Number of protein chains: 2
Amino acid sequence: MSGKRPSGRPANQDASTALKAVALRLVRELGYEKVSVSAIIEQAGVARQTLYNRWNTKADLVLEAVFEQTNTYAAEPSWDGAEDCRTLLEDFLIRIFEHLRIYGDTLRALIAASQQDAKFHKSFHANFVLPREQMITALLRRAQDRGELSPGRSVETLSTLIHGAFWYRLLNRGVLNAGFAKEIVAETFA
Amino acid sequence: MSGKRPSGRPANQDASTALKAVALRLVRELGYEKVSVSAIIEQAGVARQTLYNRWNTKADLVLEAVFEQTNTYAAEPSWDGAEDCRTLLEDFLIRIFEHLRIYGDTLRALIAASQQDAKFHKSFHANFVLPREQMITALLRRAQDRGELSPGRSVETLSTLIHGAFWYRLLNRGVLNAGFAKEIVAETFA
DNA sequence: TTGAAGATTAGACTGCAGTCCACTATCCGC
DNA sequence: GCGGATAGTGGACTGCAGTCTAATCTTCAA
């Protein structure tokens with residue numbers, strides 16, 4: 001599958017690991033804006049170019065670091081249980097909001113960065129935005145199949161409304177808690 | 001009301017006018033990111049400090065320039081007509097989306113900037129976000145009064161969902177057209 | 001007329017992301 | 001071991017937003 005090993009000196013995996021670890025730690029300690037690339041490479045003990053060999057921008061590095069750390073976060077809600085989709089959606093949103101207590105500020109910074117760099121926007125959209133959108137649409141479709149949601153509703157539009165509410169609150173520093181999750185679900189299934 | 005004139009040399013109003021005009025033109029020609037402060041002050045024939053005497057950041061200047069240009073944009077929907085609120089909301093959204101064909105990119109940049117500068121976020125929220133939020137909530141409340149919308153629905157939550165959908169599409173470079181406006185309204189009043 | 005208050009100017013300066021370069025280090029096939 | 005390919009290093013460099021400074025201009029009030 002992976003074909004032949006590329007010729008030349010192999011990339012030092014430790015450097016990538018160290019960079020991601022340092023980036024994640026600094027971002028959580030200081031906030032995205034206050035972390036300079038120079039500080040990251042210094043603490044990772046690595047040259048500037050090494051970072052840019054692997055990632056295009058600071059945002060790409062942080063996205064990957066946060067992404068690895070939180071691949072459990074917002075994991076696909078398990079369908080196994082007999083719970084109704086409404087509860088499933090609510091729990092899903094609550095879980096996301098909880099993780100945002102830690103990574104909300106970073107996510108805001110990444111969204112901002114994605115508006116200023118077309119290449120990063122593509123990557124961010126593919127790795128973060130689309131997967132979550134698909135989880136919600138899948139869940140809503142299932143709700144329709146089970147008769148919990150009227151078949152006349154547009155699953156795609158509802159998904160946009162739900163994600164939008166979440167983004168809007170996040171970007172406007174509003175409260176993202178269980179109560180808000182309940183409200184969203186209540187209006188969605190109204 | 002205005003009290004006494006402040007002492008000292010009065011601010012040159014022409015400079016402000018020229019700066020806003022140049023900023024607006026350049027942003028529309030080149031896009032927010034490609035416009036440098038140096039280019040703005042050069043073409044306005046004004047010193048750097050003069051710009052920063054009036055605005056804290058490039059974003060503040062552009063916000064004010066765009067805001068003046070578009071104070072008709074998204075004007076309060078007139079209630080006079082006998083139209084139902086559903087139609088009113090749809091027309092309101094369509095009108096916003098049309099203006100975004102011109103200013104959408106700039107608005108995206110301003111939203112991004114507001115995530116990176118707390119002071120600008122406050123100003124942006126007060127001048128742009130809140131007024132529009134209040135227009136929608138007022139409209140929805142009226143819809144409830146007229147019996148077009150079930151009194152059980154949460155007007156605030158619906159407003160967040162509607163604005164969120166719009167922001168989400170905008171920030172993810174999705175299509176913002178009359179069809180999307182219709183979809184939003186359909187789900188809101190579903 | 002003079003002086004205080006504040007505006008304007010030109011330009012130097014800081015801090016940061018990202019690029020470039022010359023040089024060195026490591027791996028591979030021969 | 002040698003040469004080609006690629007990675008890593010240190011440091012210089014660019015471009016830009018925003019700050020700072022020293023000097024000059026404009027207005028008012030005494």
Side-chain angles (χ1 to χ4, degrees), chain A residues 2-20 22-23 26-27 30-63 109-110 112-121 123, chain B residues 2-19 22-23 26-27 30-63 65 109-110 112-121 123:
Chain A
S2 70
K4 59 180 183 300
R5 160 111 69 111
S7 71
R9 177 175 175 174
N12 176 7
Q13 195 49 49
D14 292 348
S16 301
T17 308
L19 283 166
K20 281 183 283 192
V22 169
L26 287 181
V27 162
L30 309 173
Y32 183 87
E33 315 287 351
K34 292 204 169 64
V35 177
S36 69
V37 169
S38 296
I40 296 175
I41 60 174
E42 198 174 310
Q43 296 199 23
V46 139
R48 199 174 195 72
Q49 186 59 44
T50 301
L51 191 162
Y52 287 104
N53 280 345
R54 294 169 169 67
W55 296 280
N56 288 321
T57 63
K58 185 176 89 170
D60 286 277
L61 163 60
V62 172
L63 171 62
L110 291 178
S114 78
Q115 303 305 312
Q116 291 158 342
D117 180 335
K119 266 197 293 188
F120 178 64
H121 184 273
S123 164
Chain B
S2 70
K4 59 181 183 300
R5 160 113 67 112
S7 71
R9 177 175 175 174
N12 175 8
Q13 195 49 50
D14 291 350
S16 301
T17 309
L19 282 166
V22 169
L26 286 182
V27 162
L30 308 172
Y32 183 89
E33 313 288 351
K34 291 203 169 64
V35 177
S36 69
V37 168
S38 296
I40 296 175
I41 59 175
E42 198 174 309
Q43 295 198 22
V46 138
R48 199 175 194 72
Q49 186 59 45
T50 301
L51 191 162
Y52 286 104
N53 279 346
R54 294 167 169 68
W55 296 280
N56 287 321
T57 63
K58 184 176 89 168
D60 286 277
L61 163 59
V62 172
L63 171 62
L110 290 178
S114 78
Q115 303 305 311
Q116 292 158 342
D117 179 335
K119 268 196 292 186
F120 178 63
H121 184 272
S123 162

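Computed from a prediction, not measured in an experiment: that's the story for all the values here. So that the names make sense, note that chain A is the first sequence line, chain B the second, and so on, each numbered from 1.
- Rounded to a whole Å, the CZ atom of B:F120 is 15 Å from the C1' atom of D:dG18.
- Put simply, A:R54 has a side-chain N or O that comes within less than 4.0 Å of OP1 or OP2 on D:dG8.
- The shortest distance between the side-chain N/O atoms of A:N53 and the OP1/OP2 oxygens of D:dG8 is below 4.0 Å.
- Across the protein-nucleic acid pair, B:D14 atom CG and C:dA7 atom C1' stand 14 Å apart, rounded to whole Å.
- The side chain to side chain donor-acceptor pair (under 3.5 Å) check on B:N53 picks up B:Q49, with sequence neighbours excluded.
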In residues 31-42 of chain B, what donor-acceptor pairs under 3.5 Å come from side-chain atoms, sequence neighbours left out?
| from | atom 1 | to | atom 2 | distance (Å) |
| --- | --- | --- | --- | --- |
| B:Y32 | OH | B:A59 | N | 3.3 |
| B:S36 | OG | B:A39 | N | 3.1 |
| B:S38 | OG | B:R48 | NH1 | 3.4 |

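- Once rounded to the nearest 0.5 Å, the distance linking CG of B:L19 with CZ of B:R54 reads 7.0 Å.
- If you take CG of B:L51 and P of D:dG18, they are 9 Å apart, rounded to a whole angstrom.
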With B for base contact, S for sugar-phosphate-only contact and - for none (protein heavy atoms under 4.0 Å), nucleotides 12-17 of chain C reads -----B
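- Residue B:N12 contributes atom CG, which lies 12 Å from atom P of C:dA7 at whole-angstrom precision.
- When all heavy atoms of B:V46 and B:A15 are compared, the closest pair comes out as CG2-CB, 3.8 Å.
- At the phosphate of D:dT9, OP1 or OP2 sits under 4.0 Å from a side-chain N or O atom of A:T50.
- For the side chain to side chain donor-acceptor pair (under 3.5 Å) test, no residue two or more places apart in sequence or in another chain qualifies with A:T50.
- To the nearest 0.5 Å, the span separating CG on A:L110 from CG on A:L63 amounts to 6.0 Å.
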Using nucleotides 26-30 of chain C, report all nitrogen or oxygen pairs with the protein that are shorter than 3.5 Å.
| from | atom 1 | to | atom 2 | distance (Å) |
| --- | --- | --- | --- | --- |
| C:dT26 | O2 | A:R9 | N | 3.4 |
| C:dC27 | O3' | A:R5 | NH1 | 3.4 |
| C:dC28 | OP1 | A:R5 | NH1 | 3.1 |
| C:dC28 | OP1 | A:R5 | NH2 | 3.1 |

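- By the salt bridge (charged side-chain N to carboxylate O under 4.0 Å, His left out) test, A:K20 pairs with A:E64, A:E68, sequence neighbours left out.
- Spacing between atom CD of A:Q49 and atom C1' of D:dG11 amounts to 12 Å, rounded to whole angstrom units.
- Here B:D60 contributes atom CG and B:W55 contributes atom CH2; the two are 9.5 Å apart, rounded to the nearest 0.5 Å.
- Going from atom CG of B:L19 over to atom P of C:dA7 covers 15 Å, rounded to whole Å.
- Listed here is the closest heavy atom pair of B:Q116 and A:A113: NE2-N, 4.5 Å.
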